[in-house]
Amino acid sequence: MKAAILIIKEQINHFYLIRRLSLYELKSKNKSNYLGMAWEVINPMIQILIYWFVFGNISKRADVEVIPGMDVPFVAWLMGGFILWNFFYQSTILGSKSIYSRLAMLSKMNFPMSVIPNIVIFSQFYVHLFMLAIAIVLLQFMGFYINIYYFQFIYFIIATFCLVYSISLITSTLSTIIRDVHMFLNATLRMFLYLSPVLWPVSRVLDQSPTLVLVMKLNPLYYLIEGYRAAFFGIEWYFITEWEYTLYFWGLVIVLFLFGSSLHTKFRKHFIDYL
């Protein structure tokens, strides 16, 4: 518990530094491209079109029933989940290698290493906000207008931050000690894309395999993605109506954060030795 409190204090005390360096991170990453930071949005939008073409053809471009009596176009349904997945995937992958890829710099700087994963996550957060704005505009043309349920975006963004940071604390520490962890994580997350309700609706296997659906719901991404779609399509206050799932999600996040904080504070004194 002491480690977790220490990590939280470090994030609060260095919040200004996190915001500054995250913007620098984003700009420096794209400075050699003609289109600059536009590629941060172009790439995921191209992916959405590819998945829509492939999986839309598989489902014969059929609408997806989000609640009884309400169908939405597959491309709108896909976009509602994919922008959250892209934020989670990019933040988790970059966060896992954030410390060991900056060890040389960290040896000369005077700020806690626990802020490094957050810098990477914040840099992706700016991209996510821009993609969220694009999705909202596109959905207006599809007939899904801004509604009161949009307020829960604030909650689900915070929830995603907490989950990603908790995972990144663990993986960035382990990746510094064992570099193969990053490669294993990358392969695992690619598999998770197909085990999450991003590309295909879970309702299609509900009758055939309710056990599989239950296993899939153990994936915290299921909670976040379904919450995003509930907001986009004005369905419900997802985190309230699914209060049991909310308790499970935050219980999992707290366990991951406590474990990650303990692991990080235990090994960070030795990180420079891995140079």
Side-chain angles (χ1 to χ4, degrees), residues 1-32 37 39-40 84-130 157-189 220 252-275:
M1 183 61 73
K2 288 183 180 179
I5 294 173
L6 174 63
I7 294 296
I8 292 172
K9 286 182 177 178
E10 289 176 347
Q11 307 314 302
I12 295 173
N13 293 337
H14 295 85
F15 184 66
Y16 174 74
L17 178 69
I18 291 170
R19 288 191 298 109
R20 246 184 105 180
L21 290 182
S22 62
L23 281 171
Y24 174 78
E25 173 96 7
L26 193 59
K27 291 176 182 178
S28 62
K29 179 183 174 183
N30 296 281
K31 64 180 180 181
S32 60
M37 288 187 289
W39 280 111
E40 296 289 338
L84 188 280
W85 162 260
N86 186 70
F87 175 42
F88 173 83
Y89 175 77
Q90 295 293 339
S91 299
T92 304
I93 287 297
L94 295 175
S96 71
K97 65 176 183 178
S98 59
I99 292 180
Y100 81 71
S101 62
R102 295 168 175 79
L103 284 178
M105 178 192 75
L106 288 171
S107 63
K108 304 172 185 176
M109 305 292 286
N110 186 26
F111 55 81
M113 293 184 181
S114 66
V115 306
I116 299 298
N118 233 348
I119 290 172
V120 174
I121 295 169
F122 255 88
S123 70
Q124 292 302 309
F125 173 61
Y126 301 132
V127 177
H128 179 65
L129 286 181
F130 195 70
I157 287 173
I158 293 172
T160 306
F161 252 103
C162 293
L163 176 64
V164 172
Y165 183 70
S166 299
I167 294 173
S168 296
L169 266 183
I170 299 171
T171 56
S172 63
T173 301
L174 294 178
S175 294
T176 305
I177 302 169
I178 308 170
R179 301 297 165 85
D180 293 33
V181 169
H182 174 71
M183 301 303 296
F184 175 77
L185 179 67
N186 197 6
T188 302
L189 287 182
L252 179 63
V253 169
I254 289 170
V255 169
L256 290 173
F257 181 67
L258 290 175
F259 176 68
S261 300
S262 177
L263 192 69
H264 178 84
T265 54
K266 180 179 180 180
F267 286 100
R268 68 179 176 182
K269 294 179 182 178
H270 309 288
F271 281 167
I272 302 303
D273 298 337
Y274 295 102
L275 268 173

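Only heavy atoms go into these numbers, but all of them, side chains included; no hydrogens, no water, no symmetry mates.
- Considering only heavy atoms from C-beta on, Asn118 comes within 4.5 Å of Ile121 through its side chain.
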Exercise for the section: Decide yes or no on side-chain contact (heavy atoms from CB on, under 4.5 Å) for Leu169 and Leu263, but give the supporting numbers first. Expected result: CA-CA 8 Å; Leu169 266 183; Leu263 192 69; over 6 Å; no
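- Summarising the local packing, CZ of Phe259 is surrounded by 12 or fewer heavy atoms from other residues, nucleotides or ligands at distances under 6.0 Å.
- Ser22 OG to Leu17 CG: the interatomic distance, rounded to the nearest 0.5 Å, is 9.0 Å.
- Note that CD1 of Ile5 is 9.5 Å distant from CG of Leu258, once rounded to the nearest 0.5 Å.
- Taken to the nearest 0.5 Å, the NZ atom of Lys97 stands 11.5 Å off from the CG atom of Leu185.
- In terms of heavy-atom proximity, Ser168 sits nearest to Thr92 at OG-CA, 4.3 Å.
- Taking the side chain to side chain donor-acceptor pair (under 3.5 Å) definition, one finds that Ser262 meets it with nothing, sequence neighbours left out.
- The shortest heavy-atom contact between Thr265 and Leu6 is CG2-CD2, 4.2 Å.
- Side-chain contact between His264 and Met113 is present, with at least one heavy-atom pair separated by less than 4.5 Å.
- A 4.5 Å side-chain heavy-atom check between Tyr165 and Ile7 finds at least one atom pair inside the cut-off.
- Residue Ile99 holds its CD1 atom at 8.5 Å from OG1 of Thr171, rounded to the nearest 0.5 Å.
- Taking all atoms of both residues into account, the shortest heavy-atom contact from Ser114 to Pro117 is O-CD, 3.4 Å.
- By the 4.5 Å heavy-atom criterion applied to side chains, Ser172 and Ile116 are not counted as neighbours.
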Handout entry: Verdict with reasoning, Gln124 to Tyr89, per side-chain contact (heavy atoms from CB on, under 4.5 Å)
Key = CA-CA 10 Å; Gln124 292 302 309; Tyr89 175 77; over 6 Å; no
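- Taking every heavy atom of both residues into account, Tyr126 and Arg19 meet most closely at OH-O, 3.6 Å.
- Contact between Gln11 and Ile18 at its shortest, heavy atoms only, is OE1-CD1, 3.7 Å.
- Relative ring orientation between Phe87 and Phe161 is described as perpendicular, the plane-to-plane angle rising above 60° on a 0-90° scale split at 30° and 60°.
- Between Phe267 and Ile177 the shortest side-chain heavy-atom distance falls below 4.5 Å.
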Handout entry: Evaluation steps, side-chain contact (heavy atoms from CB on, under 4.5 Å), between Phe88 and Ile167
Key = CA-CA 10 Å; Phe88 173 83; Ile167 294 173; 4.0 Å; yes
Practice task
Mind running side-chain contact (heavy atoms from CB on, under 4.5 Å) on Ile170 and Ser166 for me, showing each step along the way?
Solution key: CA-CA 7 Å; Ile170 299 171; Ser166 299; 5.9 Å; no
